[in-house]
Peer 1: 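Below is one structure. I have some questions about it.
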Amino acid sequence: NGFRFASDASPDREICHSLTPFSLVRNCNFPAESNHSDLDNYKMFKLSFLARNQFFYFGVAISGGTVGEAEEARSNWVVSISDAMRIVTLS
């Protein structure tokens, strides 16, 4: 009922979080003037843990595919996480 991940820079340091009914996942974009040009090649989504006031941003790379393929992959992630949250809420 949650997720865990580690970065390539420190694979032995995992971050674990349980999903709660007070979690939210949604697509997001950064404004062009936000100086996040390094994120232009990603379709982003945000996972929010409202009770803990924590936010995680994830991105699907556009490189090697089309923008449409990246948007579809992002949508699949968002729908899958939303489904998992719905199951937690119903339990």
Side-chain angles (χ1 to χ4, degrees):
N1 295 345
F3 72 98
R4 72 178 175 194
F5 64 92
S7 73
D8 291 340
S10 55
D12 55 333
R13 183 173 171 250
E14 288 186 345
I15 295 174
C16 301
H17 277 283
S18 298
L19 297 174
T20 72
F22 305 104
S23 303
L24 176 69
V25 62
R26 58 180 272 205
N27 293 343
C28 65
N29 295 308
F30 293 99
E33 65 276 357
S34 67
N35 296 324
H36 287 91
S37 61
D38 53 330
L39 300 177
D40 288 345
N41 293 323
Y42 293 90
K43 290 297 177 182
M44 307 294 293
F45 65 96
K46 176 180 173 180
L47 185 54
S48 305
F49 294 95
L50 304 174
R52 290 181 242 161
N53 199 31
Q54 289 182 313
F55 309 95
F56 294 95
Y57 292 87
F58 298 92
V60 177
I62 296 171
S63 62
T66 66
V67 172
E69 290 171 337
E71 288 176 348
E72 183 177 347
R74 173 181 65 180
S75 291
N76 289 339
W77 276 103
V78 169
V79 167
S80 295
I81 294 169
S82 294
D83 288 345
M85 283 189 222
R86 191 173 8 261
I87 291 168
V88 168
T89 301
L90 294 174
S91 65

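The model shown is predicted, which means the values in this text are computed figures rather than measured ones. The chain is numbered in sequence order, starting from 1.
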Peer 1: Stepwise, does the side-chain contact (heavy atoms from CB on, under 4.5 Å) test hold for R74 with V79?
Peer 2: CA-CA 9 Å; R74 173 181 65 180; V79 167; over 6 Å; no

Peer 1: Should W77 and V60 count as side-chain neighbours, where that means a heavy-atom distance under 4.5 Å?
Peer 2: yes

Peer 1: To the nearest 0.5 Å, how far apart are CD1 in I62 and CD in E69?
Peer 2: 11.0 Å

Peer 1: For atom CD of E71, decide whether the heavy atoms of other residues, nucleotides or ligands shown that lie under 6.0 angstrom number more than 12.
Peer 2: yes

Peer 1: If you count every heavy atom of other residues, nucleotides or ligands that lies below 6.0 Å from F22 atom CZ, does the total exceed 12?
Peer 2: no

Peer 1: With side chains defined as the heavy atoms from C-beta onward, is the minimum distance between R86 and L19 less than 4.5 Å?
Peer 2: no

Peer 1: Is the closest side-chain heavy-atom distance between K43 and V67 below 4.5 Å?
Peer 2: yes

Peer 1: Give the minimum heavy-atom separation between V78 and V25, together with the two atoms involved.
Peer 2: O-CG1, 3.8 Å

Peer 1: What distance separates F5 CZ from I15 CD1, expressed to the nearest 0.5 Å?
Peer 2: 4.0 Å

Peer 1: May I ask you to check whether Y42 and F58 place their ring centres under 6.0 Å from each other?
Peer 2: no

Peer 1: Nearest heavy-atom pair of A70 and A61: which atoms, and what distance?
Peer 2: CB-O, 3.9 Å

Peer 1: Is it true that the NZ or CZ of K46 lies under 6.0 Å from the centre of F56's six-membered ring and within 45 degrees of the ring axis?
Peer 2: no

Peer 1: Please examine the side chains of N27 and M44, heavy atoms only from C-beta on, and report whether any two atoms are closer than 4.5 Å.
Peer 2: no

Peer 1: Using 0.5 Å steps for rounding, measure from the SG atom of C28 to the CZ atom of F45.
Peer 2: 9.0 Å

Peer 1: By the side chain to side chain donor-acceptor pair (under 3.5 Å) test, which pairs, at least two apart or in different chains, include something from residues 10-20?
Peer 2: S7-S10, H17-R52, T20-S23

